[in-house]
Amino acid sequence: MRLGEVVVDVTPLRSGRDFRLVFATQAISMLGTHLTSVAASLQIYELTGSSVQVGLMSAVLGMSLLVGLVTGGLLADRVDRRRVVLVTRSVTAVVVTGLAVNAALPDPKEWFVFVAAVLAGGTSGLGGPAMMAATPTLVAPGQLAAAGALLTLTAQLGGMVGPSLAGVIAAGPGLAWCFAIDAAIYVVGLALLAPLPKMPPAAGAEGQHPLKAMAEGLRFLRGNQVVAGLLLIDVCAVVFAMPYALFPELGTEHFGGGPSTVGLLYTAPAVGSFFGALTSGWTGRVHHTGRALIGAVAVWGVAITCFGLSPSLWLALAFLALAGLGDTASEILRRALLQHYTPDRLQGRVGSLWLAQATAGPSVGNLEAGLVARALGSSAGAVVLGGAVCLAGVATVALAVPGLRRATLHGPPDRQQDADAPARPSKTAD
């Protein structure tokens with residue numbers, strides 16, 4: 001295999017202006033999101049001195065995000081998606097500007113940070129499905145995996161650079177500057193997204209009752225083996241084998257280190273994920289996409305199991321990096337398959353369910369890991385058990401859902417159960 005077939009495929013960036021605008025917006029937005037996230041946590045801790053309050057703010061943000069995602073899925077299939085994205089991002093820019101003004105006050109208000117978390121989470125959730133549903137309209141069907149890999153790369157870059165940059169800015173110019181920079185990034189993003197074409201809903205979608213619209217999305221999910229299977233297989237990974245909540249105990253007790261060791265445990269998966277995104281060129285070329293997805297989730301399960309069994313820190317870090325690599329490959333393939341097998345009129349609703357699962361799943365998995373570790377009296381044992389259950393779940397889904405094994409990104413999707421779905425929109429011209 002040649003190097004050009006391994007490194008991330010940039011064809012979507014060369015093929016159309018519109019996807020380039022989305023990519024640039026996502027790249028800077030992920031950086032700004034981490035600036036605001038870290039700054040808000042630091043500000044709450046400075047005002048209250050309580051980690052519980054920091055956790056409460058994160059919970060409030062997460063709940064409002066989930067509500068926004070469910071509502072945003074319906075909205076993305078009923079209203080022009082471009083308008084949804086522009087309006088929600090405009091509202092978020094105003095909210096973040098308010099955070100900057102509040103942080104600059106001599107006596108910042110704690111309650112305002114919580115209110116801003118509700119507003120920012122809700123509006124981000126409303127716009128998220130519309131932004132995700134726009135991708136299949138802006139790129140050719142054969143470029144979905146490559147487009148997903150590029151967007152994943154922006155997320156990994158933001159996750160690696162954003163938190164550290166936020167710490168530097170907060171320690172220097174101050175927290176208000178973190179919020180102000182993010183607000184400026186939103187304004188730049190609006191300018192980049194404004195030239196996108198209109199993306200109106202399918203005919204008749206506007207008059208459909210919201211409950212009937214959501215029921216239609218759930219029926220499609222239940223009737224399409226590929227989409228249901230890729231959501232189920234993700235549950236196996238994020239619910240049963242999510243060890244992040246155990247890193248503080250593992251770093252200090254199991255590996256006998258301190259905060260720096262714990263930091264290394266959190267960093268290792270991100271490094272593996274970044275490398276996985278850089279070497280994702282194969283994801284759009286592999287013919288048996290469903291089998292590759294199953295293999296990628298199995299890599300996560302094996303790596304997590306081996307991490308729990310690792311006797312040394314450096315071996316543990318290597319397995320965590322491998323887990324991150326498998327997780328990124330899985331995310332790219334799942335996103336591409338979901339968009340390939342979902343008709344355009346359902347992209348918003350189905351995408352919102354995927355985003356909601358991606359938001360809530362890790363939280364549930366971390367809680368489950370903590371409870372199992374307490375029951376077993378061993379954090380390492382909980383990690384090993386979780387990895388083993390993940391692998392068992394992957395094998396069960398692979399055997400029980402043959403449609404997922406047969407899934408491929410090459411050729412038109414098999415929509416026998418959704419025969420009246422309209423054809424996928426053509427790629428926007430440059």
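- By the 4.5 Å heavy-atom criterion applied to side chains, I44 and E110 are counted as neighbours.
- The shortest non-hydrogen separation linking I304 to A323 is CD1-CB, 4.0 Å.
- Of the possible donor and acceptor atoms, one in the side chain of T97 sits under 3.5 Å from a partner among the backbone N and O of A93.
- Looking at heavy atoms from C-beta onward, F114 lies out of side-chain contact with K109 at the 4.5 angstrom threshold.
- Residue S379 holds its OG atom at 8.0 Å from CD of E253, rounded to the nearest 0.5 Å.
- For the pair Q347 (side chain) and A133 (backbone), a donor-acceptor distance under 3.5 Å is absent.
- A heavy-atom distance below 4.5 Å is found between the side chains of Q43 and N102.
- Under a 3.5 Å cut-off, the side chain of H410 and the backbone N or O of V286 do form a donor-acceptor pair.
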**Request:** List the steps and the verdict of side chain to side chain contact (heavy atoms under 4.5 Å, CB included) for L175 and E46.
**Result:** CA-CA 11 Å; L175 293 173; E46 288 181 0; 3.6 Å; yes
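- Shortest non-hydrogen contact noted between F247 and V262 is O-CG2, 3.9 Å.
- Expressed to the nearest 0.5 Å, how far CG of N224 lies from CZ of R219 amounts to 14.0 Å.
- In this structure, CG on L35 lies 11.0 Å from OG on S29, to the nearest 0.5 angstrom.
- In this structure the side chain of P136 reaches within 4.5 angstrom of the side chain of L144, judged on heavy atoms.
- A donor-acceptor pair under 3.5 Å is absent between the side-chain atoms of W300 and the main chain of L325, judged by distance alone.
- Of the possible donor and acceptor atoms, none in the side chain of R349 sits under 3.5 Å from a partner among the backbone N and O of L74.
- Atom CG of residue D182 and atom OG1 of residue T36 lie 3.0 Å apart, to the nearest 0.5 angstrom.
- Partners of F112 by ring-ring contact (aromatic ring centres under 6.0 Å, His included), not counting sequence neighbours: none found.
- Under a 3.5 Å cut-off, the side chain of S37 and the backbone N or O of T33 do not form any donor-acceptor pair.
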**Message:** If you apply the rule side chain to side chain contact (heavy atoms under 4.5 Å, CB included), what do you find for V118 with V60, and how did you get there?
**Reply:** CA-CA 6 Å; V118 173; V60 167; 3.3 Å; yes
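- Pairing each heavy atom of W354 with each of M132, the nearest pair is CE3-CE, 3.2 Å.
- Of the possible polar contacts, none joining the Q26 side chain to the T154 backbone as a donor-acceptor pair under 3.5 Å is found.
- Nearest heavy atoms, L246 versus A382: CD1-CB, 4.1 Å.
- Smallest separation of non-hydrogen atoms from L126 and L75: CD2-CD2, 4.4 Å.
- Under a 3.5 Å cut-off, the side chain of T289 and the backbone N or O of T408 do not form any donor-acceptor pair.
- In this structure, the side chains of V235 and Q357 come closer than 4.5 Å at one or more pairs of heavy atoms.
- The existence of a salt bridge linking D77 and R345 is excluded, since no basic side-chain nitrogen approaches an acidic carboxylate oxygen closer than 4.0 Å.
- Atom CD of Q53 is separated from atom CG of L47 by 10.0 Å, given to the nearest 0.5 angstrom.
- A donor-acceptor pair is defined here as one N or O able to donate and one able to accept, closer than 3.5 Å; such a pair exists between the side chain of S64 and the backbone of L61.
- Between the CD1 atom of I294 and the CD1 atom of I233 there is a distance of 5.0 Å, given to the nearest 0.5 Å.
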**Request:** Could you go through the side chain to side chain donor-acceptor pair (under 3.5 Å) check for T88 and T123 one step at a time?
**Result:** CA-CA 5 Å; T88 54; T123 53; over 6 Å; no
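- Ring orientation note: the planes of Y244 and Y266 are nearly perpendicular, at an angle over 60° on the 30°/60° scale.
- Listed by chain and residue number, nothing satisfies the side-chain hydrogen bond (donor to acceptor under 3.5 Å, both in side chains) test with R405 (two or more places apart in sequence, or in another chain).
- With a 4.5 Å cut-off on side-chain heavy atoms, L265 and L313 count as touching.
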**Message:** One pair to check against side chain to side chain contact (heavy atoms under 4.5 Å, CB included): D234 and E331. What are the steps and the verdict?
**Reply:** CA-CA 9 Å; D234 185 48; E331 179 182 350; over 6 Å; no
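- In this structure, the side chains of M242 and V364 stay at 4.5 Å or more apart for every pair of heavy atoms.
- Counting heavy atoms from C-beta outward, T25 and R89 have side chains that approach closer than 4.5 Å.
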**Request:** Apply the test side chain to side chain contact (heavy atoms under 4.5 Å, CB included) to residues S90 and L190: give CA-CA distance (whole Å), side-chain angles for both, the deciding distance (0.1 Å), then the verdict.
**Result:** CA-CA 7 Å; S90 298; L190 287 169; 3.5 Å; yes
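- I332 and S280 get closest at one heavy-atom pair: CD1-CB, 3.7 Å.
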